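For reference, the structure is listed below as C-alpha cells.
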Amino acid sequence: MNNITTIPQHVAIVMDGNGRWAKKRFLPRSAGHAAGQNAVEKIIKASIERGIGILTLFAFSSENWRRPTEEIHALMNLFMKGLTEHVPALHEKNIRIRFIGHIAGLSLSLQQKIAASEALTLNNTGLQFVLAMNYGGQLDIVHATQRLALAVRDGALDIDAITPERFNSHLYTTDLAPPDLFIRTSGELRLSNFLLWQLAYSELYFTEVLWPDFNGKQLDLALSAYATRKRRYGSV
Ligand code: IPE
Ligand code: IPE
Ligand code: MG
C-alpha cells in the first residue's frame with residue numbers, strides 16, 4: 001500500500017524540549033512552556049496550509065504529575081489561559097478541537113473549559129486538532145479493556161467479538177484514523193507512553209530541534225522525510 005498522497009492525513013507530535021529551551025536562556029521552565037504554546041499556534045496554521053487533516057499534540061502525560069508542583073501549576077494555568085484565549089479563533093477557522101486522555105483527572109475548571117471547547121467546535125469540518133492531556137498510552141489501553149470487560153460481564157458482548165477494530169473503537173481516539181507520521185522534538189528517541197496502540201504502523205521522525213523552535217520550516221523537513229518513506233504494512 002503506497003501513499004495516495006504524500007501529505008500525511010494524521011500527524012502526532014510529542015512536543016518536547018521546553019525545559020531545555022528555557023534553561024539555555026537562563027529562564028524558568030514555565031517560560032519554556034509559554035514559548036512552546038506559541039509554537040503550537042504556528043504548527044496549527046502550518047498544518048492547515050499543508051492539508052493535514054488531523055493534528056494530535058501531546059500536551060501533558062499521565063506521568064507528568066511527577067513534576068514539581070509549581071511546574072504543574074504553571075502548565076495547568078497555561079492550558080486554561082490558552083484555551084480561553086485561542087478557542088474562539090480556532091472555532092472561526094472551522095477547527096474541531098478534541099481531547100484525549102483521563103480528562104476526569106484534571107481540575108473541574110479545566111474539565112469545563114475542555115467540554116465547552118469540544119461542544120463549541122463539534123460540527124466544524126476543518127482541521128481536527130487533538131490535544132492529549134493527562135494522557136498515557138497504557139492507560140488508554142487499560143481504559144478500553146475495562147469498558148470491554150464490563151460489556152462482557154453484562155452479557156452484552158461476546159468475547160470472540162473483541163477484535164482489533166472493536167478494541168480500537170474503545171480507545172480515547174475512537175474514530176480517528178491512526179497517525180501516519182509521528183514527530184518528536186528535542187532529540188529524545190522514545191515514545192514516552194504516547195499512543196502506543198495507535199502508532200503501530202506510523203512513520204517515526206525525530207529531530208534535535210527543541211519544541212519552542214519548531215516551526216513551519218521544521219514541519220516541512222518532517223513532511224519531506226515522510227514523503228520518501230515506503231509504507232508496507234507487512235506486505236511487499
Ligand atoms: C515538554 O517539554 C512539555 C511537557 C512535557 C509538558 P519538557 O518540559 O519535557 O522539556 P524538557 O524535556 O525538560 O526539555
Ligand atoms: C512526553 O515528554 C510528554 C509530553 C511531551 C507532554 P516528557 O518530557 O514528559 O518525556 P520523558 O520524561 O522525557 O520520557
Ligand atoms: Mg521532556
Side-chain angles (χ1 to χ4, degrees), residues 10-44 47 54-86 97-107 110-111 113-114 117 129-143 171-173 176 179 181-199 202 204-215 218-219 222:
H10 184 174
V11 176
I13 310 181
V14 176
M15 311 184 283
D16 200 9
N18 294 351
R20 277 161 285 168
W21 184 93
K23 196 173 182 207
K24 280 206 313 198
R25 289 162 179 76
F26 307 101
L27 293 168
R29 292 179 60 84
S30 56
H33 296 314
Q37 206 167 64
N38 296 331
V40 170
E41 279 181 69
K42 278 188 211 164
I43 294 311
I44 291 174
S47 297
I54 307 168
L55 174 68
T56 299
L57 301 180
F58 203 2
F60 193 85
S61 80
S62 48
E63 288 72 39
N64 285 146
W65 298 108
R66 295 173 185 157
R67 295 190 178 205
T69 315
E70 63 267 32
E71 180 171 351
I72 293 171
H73 277 148
L75 278 165
M76 293 302 153
N77 286 337
L78 207 59
F79 296 149
M80 197 67 193
K81 194 165 162 278
L83 291 177
T84 306
E85 285 174 5
H86 297 295
I97 310 168
R98 299 172 68 159
F99 292 81
I100 56 170
H102 183 51
I103 301 306
L106 298 168
S107 75
L110 201 49
Q111 285 184 51
K113 186 61 77 183
I114 284 170
S117 307
F129 176 46
V130 184
L131 272 168
M133 212 102 104
N134 197 14
Y135 179 88
Q138 292 178 341
L139 209 63
D140 197 354
I141 291 166
V142 167
H143 175 253
L171 294 167
Y172 289 123
T173 39
L176 292 166
L181 173 63
F182 164 95
I183 299 173
R184 182 166 188 156
T185 58
S186 88
E188 306 295 355
L189 306 180
R190 54 177 172 265
L191 301 181
S192 295
N193 202 14
F194 190 42
L195 301 174
L196 298 180
W197 169 287
Q198 296 89 339
L199 292 173
S202 306
L204 308 180
Y205 178 86
F206 298 92
T207 171
E208 294 285 330
V209 173
L210 304 174
W211 175 251
D213 295 326
F214 198 82
N215 54 27
Q218 299 300 328
L219 180 66

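Quick caveat, the model's predicted, so the values are computed rather than measured. Remember, it's 1-based here, ligands and their atoms both numbered in the order they're listed.
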Where Ser62 and Leu139 come nearest, the two heavy atoms and their spacing: CB-CD2, 4.1 Å
Ligand 1 atoms in contact with Ala59 (distance to a heavy atom under 4.0 Å): 6 (C)
Minimum-distance pair of heavy atoms, taken over all atoms of Val130 and Leu176: CG2-CD1, 3.8 Å
Residue, atom name and distance, where the atom is the protein heavy atom closest to atom 6 (C) of ligand 2: Phe58 O, 3.3 Å
Atom 10 (O) of ligand 1 - nearest protein heavy atom and its distance: Gly19 N, 2.9 Å
side-chain contact (heavy atoms from CB on, under 4.5 Å), paired with Gln198, selected from Thr56, Ile100, Leu171: Leu171
Closest protein heavy atom to atom 5 (C) of ligand 2, given as residue, atom name and distance to 0.1 Å: Met15 O, 3.4 Å
Of Val11, Leu55, Ile54, Ile13, the residue whose pairing with Ser47 passes side-chain contact (heavy atoms from CB on, under 4.5 Å): Leu55
Centroid-centroid distance, Tyr135 to His102, less than 6.0 Å: no
Heavy atom of the protein closest to atom 9 (O) of ligand 2 (residue, atom name, distance): Asn64 ND2, 2.9 Å
Shortest protein contact, atom 14 (O) of ligand 2 (heavy atom only): Ser192 OG, 2.6 Å
Nearest protein heavy atom under 4.0 Å from atom 12 (O) of ligand 2, yes or no: no
Glu85 bridged to Lys81 by N-O distance under 4.0 Å: yes
Option set Arg190, Met133, Arg184, Arg20, criterion heavy-atom distance to atom 2 (O) of ligand 2, minimum: Arg184
Subset of ligand 2 atoms that lie under 4.0 Å from at least one heavy atom of Phe60: 6 (C)
Within reach of ligand 2, part of Phe194 (heavy-atom separation under 4.0 Å): neither
The Mg ion (ligand 3) - name of the N/O/S atom of Asp16 that sits closest to it: OD1
Protein contact to atom 4 (C) of ligand 1 [nearest heavy atom, distance to 0.1 Å]: Arg67 NH1, 4.0 Å
Asp16 neighbourhood, listing ligand 2 atoms whose heavy-atom distance to it stays under 4.0 Å: 8 (O)
Pair Phe182 + Phe206: ring centers closer than 6.0 Å: yes
Which of the ligand 2 atoms, numbered from 1, are nearer than 4.0 Å to a heavy atom of Val14: 1 (C), 5 (C)
Arg66 to ligand 2, any heavy atom closer than 4.0 Å: no
His33 near ligand 1 by a heavy-atom separation under 4.0 Å: yes
contact_flag Gly17 ligand 1 heavy-atom lt 4.0 Å: yes
Gln37/His86 under side-chain hydrogen bond (donor to acceptor under 3.5 Å, both in side chains): CA gap, chis, key distance, verdict: CA-CA 11 Å; Gln37 206 167 64; His86 297 295; 4.8 Å; no
Ser61, any N or O under 3.5 Å of ligand 2 N or O: no
Gln111 CD: over 12 foreign heavy atoms closer than 6.0 Å: yes
Shortest non-hydrogen separation from Leu131 to Ala59 and the atoms involved: CD2-CB, 4.0 Å
Pairing of Glu208 and Arg184 as salt bridge, 4.0 angstrom limit: no
